[in-house]
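Heads up, the thing below is written out as structure tokens.
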Amino acid sequence: MSRSLGRGGLLVSTLLGVMLSAGCSFRTLNQAPVEDRHSAPSRPVAVVTPGTVDPATGVTKPAVVSENAGKPGYYTVRPGDTLIRIGLDSGQNWRDIARWNGMENPNQLEVGQVLRIVPPVAAGAAAAPVATAARPVPSSPVASVVVTPVPEAAGSKAVPAAAAPAASAASTAPAATTAATPAAAPVAAGGEDELAWIWPANGAVLAGFDEQKNKGVDISGAAGDAVVAAADGRVVYAGAGLRGYGNLIILKHNNTYLTAYAHNQTLLAKEDQTVRKGQKIAEMGNSDADRVKLHFEVRRQGKPVDPVKYLPGR
């Protein structure tokens, strides 16, 4: 009897073990797969680069067009640069440079930032005279067309009257065409290159031009002496934001020339003001200098040149 019970218990235990193992296997097979979320890509983060709109603030940063680096008409910002300095070195109004590059804050410059330093329409403006110059070429057939119908006129008086103007038109047309064609560019260039300069102050020259050490000439004087515009122009900067120049005025005379008047005691002209040659624009001083003097620079397309070569002899 006990032996039968023992066998029965062993059988029950075996069956229970089989059932439990089957249940565990069933759960394992039907268990939901585990998803590894650590390897899933993170949420994309907006990277604000110059020239794009920050999605958080909606503010457009100054445009940095790296593909234009080194191209004519563009400048790459270097350490220590200011927009005023870039304007002086490029022969441009710093406010124009800020506008051409869509800069809301001209004080925010980044090293490596590429700025346009020529007007965006410069290429189109340069192409316009070419198209205008090309048009007078077919004007010679027009003269022959005018002459051809003249003999066909019925009236005897009308023929001489028409013939005379036609002849004069034919003779004067080439001259007018020749004069009009170069007037667009050479005359403007000649006007820019032939400014009638005057000395900006009456003192003696303390230090001459040296492209490495002195980008202009230093002129002596007493505090309060008049500083006058060396030629007609427009004030593109008036302030003390350029290190080493003190109270400074910069005049833009045309597309070729700028002049700078530094170390003044008092500035008498304001930005965007048009001034005439000989007009008093400042009073001499010693701001950011070791003595009272006027530091005077002439910039030709942004490059410092010797002012003495442009000023009249004394």
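Scope of the values below: all heavy atoms of this structure, side chains included, with no hydrogens, waters or symmetry mates.
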Answer yes if [X] and [Y] sit in the same cluster of Ile, Leu, Val, Met, Phe, Trp and Tyr residues linked by side chain heavy atoms under 4.5 Å apart, and no otherwise.
X    : Y    : value
Y310 : V308 : yes
L311 : V305 : yes
L258 : W100 : yes
L268 : Y237 : no

Quick check: are there more than 12 heavy atoms from other residues, nucleotides or ligands sitting under 6.0 Å from [atom1] of [X]?
X    : atom1 : result
K280 : NZ    : yes
N202 : CG    : no
R276 : CZ    : no

Which heavy atom in [X] sits nearest to a heavy atom in [Y], and how many Å separate them?
X    : Y    : result
I219 : G203 : CG2-O, 3.4 Å
Q273 : Q279 : NE2-NE2, 3.5 Å
V292 : A223 : CG1-N, 3.6 Å
A269 : A238 : O-CB, 3.6 Å
A260 : L248 : CB-CD1, 4.0 Å
P312 : W199 : O-NE1, 2.7 Å

Any heavy-atom pair between the side chains of [Y] and [X] that's under 4.5 Å?
X    : Y    : value
E211 : K303 : yes
V77  : E110 : no
L251 : I281 : yes
V227 : I249 : no
H295 : N214 : yes
D232 : K277 : yes
V236 : R95  : no
M103 : W94  : no

In terms of side-chain heavy atoms, does Y257 have a donor or acceptor partner in T259 at a distance below 3.5 Å?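 Distance-only check fails for Y257 and T259.
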- Would you check if there is a donor-acceptor pair between the side chains of D89 and Y75 at a distance under 3.5 Å?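 No, no side-chain donor-acceptor contact under 3.5 Å.
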Nearest 0.5 Å, please: how far is [atom2] in [Y] from [atom1] in [X]?
X    : Y    : atom1 : atom2 : value
N101 : L83  : CG    : CG    : 8.0 Å
I250 : R299 : CD1   : CZ    : 8.0 Å
K215 : Y245 : NZ    : OH    : 7.0 Å
I84  : N93  : CD1   : CG    : 10.5 Å
H263 : M284 : NE2   : CE    : 11.0 Å
N264 : D288 : CG    : CG    : 12.0 Å

[X] side chain to [Y] backbone, donor-acceptor under 3.5 Å:
X    : Y    : value
S220 : A204 : yes
K252 : G91  : yes
W197 : A231 : no
Q92  : I117 : yes

request  = Could you walk me through whether V235 and K270 pass the side chain to side chain contact (heavy atoms under 4.5 Å, CB included) test, one step at a time?
outcome  = CA-CA 7 Å; V235 181; K270 298 179 180 180; over 6 Å; no
After noting the C-alpha distance and the side-chain angles of K309 and F209, does the key distance pass the side chain to side chain contact (heavy atoms under 4.5 Å, CB included) rule?
-> CA-CA 10 Å; K309 293 181 179 180; F209 175 80; over 6 Å; no
Task: Check against side chain to side chain contact (heavy atoms under 4.5 Å, CB included), T256 and L195 - done: CA-CA 10 Å; T256 301; L195 288 173; over 6 Å; no
Margin query: By the definition side-chain contact (heavy atoms from CB on, under 4.5 Å), identify the one residue from L267, D225, T266, L294 that meets it with E283.
Written below: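 Looking at L267, D225, T266, L294, the match for E283 under the side-chain contact (heavy atoms from CB on, under 4.5 Å) is T266.
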